Amino acid sequence: MITDTIILAGGFGERLWPASSPALPKQFMTLHDGCSFFQASLYRAWSVNKNGTITVVTRKDLVATCVEHCTSLARQFSAVEREHFLQALCIVAEPCPRHTAPAILLATYLVQKKHPETNRTVLVLTSDHVIEPVEAFVADCQKAAAAAESGFLVCFAIPPTEPSTGYGYIKTGEPLFNLQHTFLIDYFKEKPDAHTAAQYLAAGNFWWNSGTFAFTAKDFDANVQLYAPNIYASFEAIRRAAVPVVQEYEGISVVETWPEMETVYSVVPAVAVDVAIMEKTNRACAVRASFHWTDVGSWDTFSSLASSHSAPRVVQIESTENFVYSDIPVALCGVDNLVVVVKNNNVLVMKKGAGALVREAAQKMQLS
């Protein structure tokens with residue numbers, strides 16, 4: 001059983017600029033139901049195990065926003081569930097961004113310090129993906145927990161629906177005995193070119209890597225020690241540290257100051273968990289996902305998920321297949337296949353299919 005969930009909620013809001021920004025990254029955006037991507041991730045964690053803990057790892061300047069979204073979601077629960085949900089939460093403010101491997105290791109150590117008597121089974125979620133339905137996700141998490149408790153580091157493999165060049169891939173091998181829809185991983189592949197992606201789709205044993213993981217805290221620690229000794233060595237101060245003092249905001253525990261964390265983050269390298277651990281370990285396996293998954297990593301994806309324009313008014317004259325996300329009315333004349341975003345006193349006009357260029361545009365705009 002999954003006992004604890006870690007939600008990674010940092011980021012700098014470049015891929016959905018200008019609606020997202022360093023001050024308000026995309027996980028705090030909403031689609032059509034008023035629920036932010038971050039809140040949906042919280043709800044998934046809560047659904048997996050209502051008796052577990054939820055550790056949110058974020059930037060210091062995003063703590064208040066995380067608290068606001070947590071408490072807003074909690075208001076939708078009954079009084080008893082609301083209190084229980086808020087008590088399950090802990091928000092950890094990293095001193096500086098160090099990518100996903102240090103963030104996950106930090107959270108697993110915190111979980112172990114709070115519960116030293118057990119080997120916790122941990123689920124790692126991103127805060128900006130769309131996963132539906134929740135019931136299927138919960139069922140797949142139980143399969144992942146069984147594999148994790150057998151000593152594996154588990155990924156969730158997404159059946160590809162197109163030869164996408166925007167996702168990393170997993171090649172699966174032999175089925176894992178006694179575990180339904182669970183396979184050993186032969187190897188990982190970074191984002192391929194179009195020809196290679198088409199070959200992967202035709203092969204039938206390549207899957208999109210969802211960026212969601214499950215493992216026991218002790219197994220993850222052991223794999224970090226084996227495959228990323230520089231990261232492991234950097235965390236010596238945390239391993240020796242006592243449980244940090246927490247502050248409380250709106251009933252939520254927050255770790256903002258932890259001297260040992262400051263020490264660690266001053267020296268630990270910034271490395272993705274895929275590169276540091278998952279691509280190296282011989283204990284990697286994958287659960288074939290039965291849920292629908294989307295990484296909302298571009299305006300192309302966002303516009304495909306949105307049910308309609310998000311603007312006070314949109315007028316299109318001799319214009320088709322456009323998507324508008326704006327604070328003000330927008331008129332389009334004689335243009336097709338555009339994404340138009342007017343947010344935060346900035347304007348993005350993008351041809352559909354060019355979403356990969358937005359990050360560069362955001363960086364240049366912020367420098368100007």
Side-chain angles (χ1 to χ4, degrees), residues 9-41 62 65 69 126-132 158 160-168 191-194 197-198 201 208 210-211 292-368:
F12 288 91
E14 293 175 337
R15 291 191 290 177
L16 289 184
W17 178 88
S20 63
S21 65
L24 201 71
K26 64 176 178 174
Q27 63 262 28
F28 302 116
M29 292 174 60
T30 63
L31 270 171
H32 48 75
D33 58 1
C35 180
S36 69
F37 297 121
F38 175 55
Q39 287 172 324
S41 187
L62 295 179
T65 305
H69 281 243
T126 63
S127 57
D128 54 4
H129 291 173
V130 173
I131 292 175
E132 298 173 330
I158 309 299
T161 57
E162 60 179 338
S164 173
T165 59
Y167 301 140
K191 298 174 182 177
D193 58 30
L201 184 65
W208 290 335
S210 70
H292 177 74
W293 168 90
T294 307
D295 175 7
V296 192
S298 71
W299 279 112
D300 294 304
T301 304
F302 189 96
S303 62
S304 70
L305 293 171
S307 56
S308 62
H309 302 293
S310 178
R313 189 180 181 202
V314 178
V315 173
Q316 299 197 67
I317 302 172
E318 296 185 17
S319 301
T320 59
E321 301 299 322
N322 298 301
F323 174 74
V324 177
Y325 193 82
S326 172
D327 291 327
I328 59 176
V330 173
L332 301 172
C333 299
V335 294
D336 304 311
N337 297 305
L338 295 181
V339 172
V340 178
V341 183
V342 184
K343 291 281 183 178
N344 301 316
N345 295 316
N346 286 286
V347 178
L348 169 70
V349 179
M350 183 193 93
K351 183 178 180 180
K352 284 187 176 179
L357 303 178
V358 172
R359 172 174 280 177
E360 181 182 354
Q363 291 171 346
K364 289 185 175 180
M365 290 291 281
Q366 288 164 11
L367 290 173
S368 61

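Treat the numbers as computed from the prediction; the structure is a model and nothing was measured. Only heavy atoms go into these numbers, but all of them, side chains included; no hydrogens, no water, no symmetry mates. Positions are given from 1, in the same order as the sequence printed here.
Between Ala197 and Pro192 the shortest heavy-atom distance is CB-CG, 3.8 Å. Contact between Ala23 and Pro25 at its shortest, heavy atoms only, is C-CD, 3.8 Å. The two atoms that bring Glu132 and Val130 nearest to each other are CD-CG1, 4.1 Å, heavy atoms only. The nearest pair of heavy atoms linking Ser36 to Gln27 is CB-O, 3.6 Å. Closest of all the heavy-atom pairs between Ser326 and Val324 is CB-CG1, 3.8 Å.
Atom CG of Leu62 is separated from atom OG of Ser127 by 9.5 Å, given to the nearest 0.5 angstrom. Here the CZ atom belonging to Phe38 is positioned 9.5 Å from the OG1 atom belonging to Thr65, to the nearest 0.5 angstrom. From Thr161, atom OG1 reaches atom CG of Leu201 across 8.0 Å, with rounding to the nearest 0.5 Å. Taken to the nearest 0.5 Å, the OG atom of Ser21 stands 11.0 Å off from the CG atom of Leu16. If you take CG on Asn337 and CZ on Phe323, they are separated by 14.0 Å, rounding to the nearest 0.5 Å.
In this structure Thr294 satisfies the side chain to side chain donor-acceptor pair (under 3.5 Å) test together with His292, sequence neighbours excluded. By the salt bridge (Lys or Arg N to Asp or Glu O under 4.0 Å) test, Glu318 is found to be paired with no residue, residues two or more places apart in sequence or in another chain being considered. With sequence neighbours left out, Phe302 forms a ring pair (Phe, Tyr, Trp, His ring centres under 6.0 Å) with Trp299, Tyr325. Evaluation of the side-chain contact (heavy atoms from CB on, under 4.5 Å) rule for Leu357 yields Ala354 as partners, not counting sequence neighbours. Ser310 is linked by a side chain to side chain donor-acceptor pair (under 3.5 Å) to nothing, counting only residues two or more places apart in sequence or in another chain. Residues passing the ring pair (Phe, Tyr, Trp, His ring centres under 6.0 Å) test with Tyr167 are Trp208, Trp293, sequence neighbours excluded. With sequence neighbours left out, the salt bridge (Lys or Arg N to Asp or Glu O under 4.0 Å) criterion links Asp336 to no other residue. Residues meeting the side chain to side chain donor-acceptor pair (under 3.5 Å) test with Thr126, sequence neighbours left out: His129. A search for side-chain contact (heavy atoms from CB on, under 4.5 Å) contacts involving Ala40 returns Cys35, Arg44, not counting sequence neighbours. With sequence neighbours excluded, the residues satisfying side chain to side chain donor-acceptor pair (under 3.5 Å) with Asp193 are Thr196. Residues satisfying the salt bridge (Lys or Arg N to Asp or Glu O under 4.0 Å) criterion with Arg359, sequence neighbours excluded, are Glu14.
For the pair Ser319 (side chain) and Leu332 (backbone), a donor-acceptor distance under 3.5 Å is present. In this structure a side-chain-to-backbone donor-acceptor pair under 3.5 Å is missing from Ser41 to Gln39. A donor-acceptor pair under 3.5 Å is formed between the side chain of Ser20 and the backbone N or O of Gly13.
Residues Ser298 and Thr301 have side chains that bring a donor and an acceptor to within less than 3.5 angstrom of each other.
Side-chain contact between Val339 and Lys352 is present, with heavy atoms from C-beta onward closer than 4.5 Å. With contacts defined as side-chain heavy-atom distances shorter than 4.5 Å, the pair Asn322/Leu338 qualifies.
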Run the side-chain donor-acceptor check on residues 340-350: report pairs under 3.5 Å with partners two or more places apart or on a different chain.
| from | atom 1 | to | atom 2 | distance (Å) |
| --- | --- | --- | --- | --- |
| Lys343 | NZ | Asp327 | OD1 | 2.8 |
| Asn344 | ND2 | Pro18 | O | 2.8 |
| Asn346 | ND2 | Asn344 | O | 3.0 |

